[in-house]
Amino acid sequence: MVDIWAFRDAVGRWAAGGPGGPASDLAVQLGLRTAVLLEGLSDLAAVEALSGRRSRDLAAEGVCVVSMGGAMNVGRYAGLLGPPGLGLRLTGLCDEREQGYYDRALKQTQAPGPGFFVCVADLEDELIRALGTARIEEIIEAEGDLRAWQTFLRQPSHHGRPRQQQLRRFLGTKKGRKIRYGRLLVEALHPGQVPAPLDDLFRSL
């Protein structure tokens with residue numbers, strides 16, 4: 001049985017210069033109609049976590065969530081998955097400072113869809129503001145990362161910064177931590193706390 005991971009792998013190889021045939025064949029087999037373009041794996045973990053909480057099987061709905069490995073790759077992925085390539089409807093999340101790249105990618109590919117939903121700094125920042133810094137620190141402690149967090153706070157370069165900025169930086173300081181917390185923070189949200197860009201993205205699917 002074909003799964004969505006096989007399609008993601010095929011798209012990744014295609015984006016790296018490989019053949020597009022495998023991705024095209026898998027898209028047909030999966031009945032895909034929409035591609036959700038995300039900057040990285042932490043965003044992917046968050047979207048998948050919310051999909052599970054809302055009891056939605058996005059792949060079964062014809063939706064593929066794709067990590068592009070960086071915002072600068074949006075033009076490449078939009079070209080492969082949008083009208084010039086597989087003809088999928090495109091949407092996703094982007095950071096405010098990079099919105100121009102995403103808007104140009106949609107314009108150049110003439111991709112149908114609602115466009116991209118904008119996070120002020122990034123999705124982690126949206127989740128931290130939604131949950132509040134005290135709740136984030138509770139999650140850090142529950143995950144066994146309290147000592148690492150306290151060590152981080154003692155570093156002179158982080159003194160005096162707002163707690164939200166400190167937390168956002170901490171989540172990105174160790175390989176894999178940002179991905180793990182992308183899932184954990186979404187799982188900790190109450191239904192009414194889902195940040196607007198993430199909620200709007202799901203409403204558009």
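These values consider heavy atoms only, across backbone and side chains, with no hydrogens, waters or symmetry-generated copies.
- Applying the side-chain hydrogen bond (donor to acceptor under 3.5 Å, both in side chains) test to Gln193 and every residue at least two apart in sequence or in another chain returns nothing.
- Annotation: salt bridge (charged side-chain N to carboxylate O under 4.0 Å, His left out) contacts involving residues 70-87, sequence neighbours excluded, are absent.
- With Val63 as reference, Leu205 is the one residue of Thr91, Asp57, Leu205 to meet the side-chain contact (heavy atoms from CB on, under 4.5 Å) rule.
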Anything under 3.5 Å between a donor and an acceptor, one on a side chain of residues 37-50, the other on a protein residue two or more places apart or in another chain? List them.
residue : atom : partner : partner atom : Å
Ser42   : OG   : Glu124  : OE2          : 2.8
Glu48   : OE2  : Arg8    : NH1          : 3.1
Glu48   : OE2  : Arg8    : NH2          : 2.9

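- When all heavy atoms of Ala78 and Ala105 are compared, the pair lying nearest together is CB-CB, 4.0 Å.
- Closest approach of Val186 and Gly182 over heavy atoms only: CG2-O, 3.4 Å.
- Residues Leu90 and Ala111 share a closest heavy-atom pair of CD1-CB, 3.6 Å.
- Taking CZ of Phe117 as the start and CG of Leu123 as the end, the distance is 13.5 Å to the nearest 0.5 Å.
- Arg89 approaches Pro114 most closely through the heavy-atom pair NH2-CD, 3.4 Å.
- Heavy atoms of other residues, nucleotides or ligands lying less than 6.0 angstrom from CD of Glu141 number 12 at most.
- Stacking of Arg54 on the aromatic ring of Phe202 is recorded, both the 6.0 Å distance cut-off and the 45° axial limit being met.
- No side-chain heavy atom of Pro197 sits less than 4.5 Å from a side-chain heavy atom of Glu96.
- Rounding to the nearest 0.5 Å places CG of Leu30 at 5.0 Å from CD1 of Ile4.
- Listed for the Asp95 side chain is no donor-acceptor partner under 3.5 Å among the backbone atoms of Arg97.
- For Leu58 against Ser51, the heavy-atom pair with the smallest separation is CG-OG, 3.6 Å.
- Side-chain contact between Glu126 and Leu198: absent, with no pair of heavy atoms (C-beta onward) separated by less than 4.5 Å.
- By the 6.0 Å contact criterion, NE2 on His159 is enclosed, its count of non-hydrogen atoms from other residues, nucleotides or ligands being greater than 12.
- The pair Asp199-Arg203 counts as a salt bridge, with a side-chain nitrogen and a carboxylate oxygen less than 4.0 angstrom apart.
- Looking only at distances, no side-chain donor or acceptor of Arg129 sits under 3.5 Å from a matching main-chain atom of Gln164.
- The existence of a salt bridge linking Asp9 and Arg13 is excluded, since no basic side-chain nitrogen approaches an acidic carboxylate oxygen closer than 4.0 Å.
- For the pair Asp122/Asp125, a side-chain contact is recorded, criterion being any heavy-atom separation below 4.5 Å from C-beta on.
- Contact check for Ile136 versus Phe170: no side-chain heavy atoms found under the 4.5 Å cut-off.
- Annotation for Ala27 and Leu86: closest pair CB-CD1, 4.0 Å, computed over non-hydrogen atoms.
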Chi angles and distances behind the side chain to side chain contact (heavy atoms under 4.5 Å, CB included) call for Val11, Tyr77 = CA-CA 8 Å; Val11 169; Tyr77 275 80; 3.5 Å; yes
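- In this structure the side chain of Lys174 never reaches within 4.5 angstrom of the side chain of Asp145, judged on heavy atoms.
- The shortest distance between side-chain heavy atoms of Ile139 and Tyr181 falls below 4.5 Å.
- At a threshold of 4.5 Å between side-chain heavy atoms, the hydrophobic network of Ile, Leu, Val, Met, Phe, Trp and Tyr places Val120 and Ile128 in two separate groups.
- Side-chain contact between Leu189 and Leu127 is present, with heavy atoms from C-beta onward closer than 4.5 Å.
- The CG atom of Leu171 sits 7.5 Å away from the OG1 atom of Thr173 when rounded to the nearest 0.5 Å.
- With rounding to the nearest 0.5 Å, the separation of CZ in Phe7 from CD in Gln29 is 11.0 Å.
- His158 has its side chain out of reach of Leu153: every pair of non-hydrogen atoms, C-beta onward, lies at least 4.5 Å apart.
- Interatomic distance, CZ of Arg180 versus CG of Leu185, reported as 10.5 Å (0.5 Å rounding).
- If you chain together hydrophobic residues whose side chains sit under 4.5 Å apart, Val28 and Trp14 never meet in one group.
- Side-chain contact check for Arg163 and Gln166: at least one donor-acceptor pair (N or O, by modelled atom type) lies under 3.5 Å.
- Hydrophobic clustering places Val36 together with Ile179 (ILVMFWY residues linked when any side-chain heavy atoms are closer than 4.5 Å, directly or through intermediates).
- In this structure a side-chain-to-backbone donor-acceptor pair under 3.5 Å is missing from Ser24 to Gly20.
- By the 30° and 60° cut-offs, the orientation of the rings of Phe116 relative to Tyr102 is perpendicular.
- Atoms OG1 and CD1, from Thr133 and Ile140 in turn, are 10.0 Å apart once rounded to the nearest 0.5 Å.
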